[in-house]
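One structure below.
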Amino acid sequence: MSCTANIITITSLDDPRIAPFASLTEAQLRNRLHADQGLFIAESPKVIRIALDAGYEPTALLCERRHISGDAADIIERLGDCPVFTGERELLASLTGYTLTRGVLCSMRRPRPKTIEEVCAGARRIAVIDGVVDSTNIGAIFRSAAALDIDAVLVTSTSCDPLNRRAVRVSMGTVFLVPWTWGNASIDDGHIAEKHYINDLHRINFRTAAMALSDKSVPLSDPKLSCEQRLAIIMGNEGDGLPAATIAASDYVVKIPMSHGVDSLNVAAASAVAFWELGKHK
């Protein structure tokens, strides 16, 4: 442990200095009015290290005392003057889900939102997450995107935030490895304004493939898809799928062939199948 570490012992979860860990909601952490001033929470030493390696800026650490010279020692060395809050195990264990995180939490600054052009520069295969609201599905989709060579991800504002605490945890930190941004947003001085992404994707020479069941659906193995130089794979809501207008505006409507009368897969499972099939043809 560094002799310059800023170790602070807390005795109550009501201490305002640990509000990001103990009392702020996801919406308060995110700070939607000023997207460049928000925070998020990374859990577990492995995930925190991935975030730090990816250049994310820490603001504070919260850990059990035993981790200061144990699992979190190398992380604390990298924190500079950031405060390291600690306390008795029984106190910290009362935080919801805390005992599942190997006793280490880190609050970090949200990066400046990027434009679609920035995120998609040089990309050939990207994913669009449209209206997916379950944080577990978001984390799983990012993990598949990272593992199966998807270059970037666009997320609509109707979807769960990828930096949601649970989404980050389920992604195993891969949300920090795949470039992403808000797909139906324009960024102006840190503020996010709503718009639609299909026209933007067409403007930067992406063809769009909406994953949906319709009379016009082509199978995932259709050779026309693999021949596309730049392709955006659009995944929809867990229950209702993609909006009809989005399907109509897409260049392709794509389905995963099914057996035994099954009509569809969970969106996270479907994304892995689609990323594998379409990502290998980059």
Side-chain angles (χ1 to χ4, degrees), residues 1-10 17-22 24 26 28-31 34-87 92 95 97-114 118-119 135-136 138-147 149-153 155 160-182 190:
M1 182 183 66
S2 170
C3 61
T4 60
N6 184 13
I7 308 296
I8 300 170
T9 299
I10 60 170
R17 294 174 295 181
I18 64 164
F21 303 105
L24 294 186
E26 289 287 348
Q28 289 169 326
L29 286 169
R30 182 172 170 182
N31 196 350
H34 300 281
D36 57 344
Q37 297 177 18
L39 300 173
F40 67 92
I41 304 298
E43 304 183 4
S44 87
K46 177 180 179 179
V47 170
I48 293 168
R49 291 185 190 106
I50 293 173
L52 291 173
D53 289 344
Y56 284 77
E57 180 186 352
T59 63
L61 196 78
L62 177 68
C63 67
E64 295 176 15
R65 200 179 308 279
R66 63 193 175 97
H67 292 309
I68 292 176
S69 57
D71 287 350
D74 63 305
I75 294 171
I76 292 171
E77 289 281 357
R78 302 173 64 175
L79 294 186
D81 295 331
C82 289
V84 177
F85 297 105
T86 190
L92 299 184
L95 282 173
Y98 190 85
T99 55
L100 302 179
T101 67
R102 297 191 65 193
V104 186
L105 306 176
C106 188
S107 65
M108 294 186 158
R109 294 195 188 283
R110 288 175 176 267
R112 176 188 66 83
K114 295 181 179 180
E118 288 174 317
V119 166
S135 58
T136 298
I138 293 289
I141 292 170
F142 266 90
R143 191 170 182 181
S144 293
D149 208 22
I150 295 300
D151 299 312
V153 177
V155 184
C160 176
D161 175 20
L163 295 182
N164 169 283
R165 189 159 155 174
R166 181 168 177 79
V168 171
R169 184 167 69 242
V170 172
S171 82
M172 293 297 292
T174 54
V175 69
F176 307 128
L177 303 179
V178 182
W180 70 273
T181 195
W182 299 105

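- The nearest pair of heavy atoms linking Ala60 to Phe21 is O-CZ, 3.6 Å.
- The shortest side-chain heavy-atom distance between Arg49 and Asp74 falls under the 4.5 Å cut-off.
- Contact record, Val155 with Cys160: CG1-O, 4.1 Å, taken as the closest heavy-atom pair.
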Practice task
List the steps and the verdict of side-chain contact (heavy atoms from CB on, under 4.5 Å) for Val84 and His67.
Solution key: CA-CA 11 Å; Val84 177; His67 292 309; over 6 Å; no

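- When every heavy atom of Val170 is checked against every heavy atom of Thr136, the shortest pair comes out as CG1-O, 3.5 Å.
- With respect to Leu61, the side chain to side chain contact (heavy atoms under 4.5 Å, CB included) criterion is satisfied by exactly one of Ile48, Thr86, Leu105: Ile48.
- In this structure, Pro58 and Leu52 have side chains that are in contact, with non-hydrogen atoms separated by less than 4.5 Å.
- Contact annotation: the side chain of Leu163 approaches that of Arg110 to within less than 4.5 Å [non-hydrogen atoms, C-beta and beyond].
- Once rounded to the nearest 0.5 Å, the distance linking CZ of Arg65 with OG1 of Thr9 reads 4.5 Å.
- Contact annotation: the side chain of Asp71 never approaches that of Glu64 to less than 4.5 Å [non-hydrogen atoms, C-beta and beyond].
- Between the side chain of Arg109 and the backbone N or O of Leu39, no donor-acceptor pair lies under 3.5 Å.
- The shortest side-chain heavy-atom distance between Arg169 and Val47 does not fall under the 4.5 Å cut-off.
- Note that CE of Met172 and OG of Ser44 are 6.0 Å apart. Values are rounded to the nearest 0.5 Å.
- Here Arg17 contributes atom CZ and Ile10 contributes atom CD1; the two are 8.0 Å apart, rounded to the nearest 0.5 Å.
- Note: Phe176 and Phe40 have tilted aromatic rings, judged against thresholds of 30 and 60 degrees for the angle between ring planes.
- Residues Ile18 and Phe85 come closest through the heavy atom pair CG2-CG, 3.7 Å.
- No option in Val104, Ile76, Ile75 other than Ile76 meets the side chain to side chain contact (heavy atoms under 4.5 Å, CB included) test with Ile68.
- Residues Ser69 and Ala73 approach most closely at C-CB, 4.0 Å, considering heavy atoms.
- For the pair Arg166 and Ile138, the minimum side-chain heavy-atom distance is 4.5 Å or more.
- Shortest non-hydrogen contact noted between Ala152 and Val119 is CB-CG1, 3.3 Å.
- Not one N or O on the side chain of Ser144 forms a donor-acceptor pair closer than 3.5 Å with the backbone of Ile141.
- Among the candidates Ile150, Thr174, Val168, the single residue satisfying the side chain to side chain contact (heavy atoms under 4.5 Å, CB included) test with Phe142 is Thr174.
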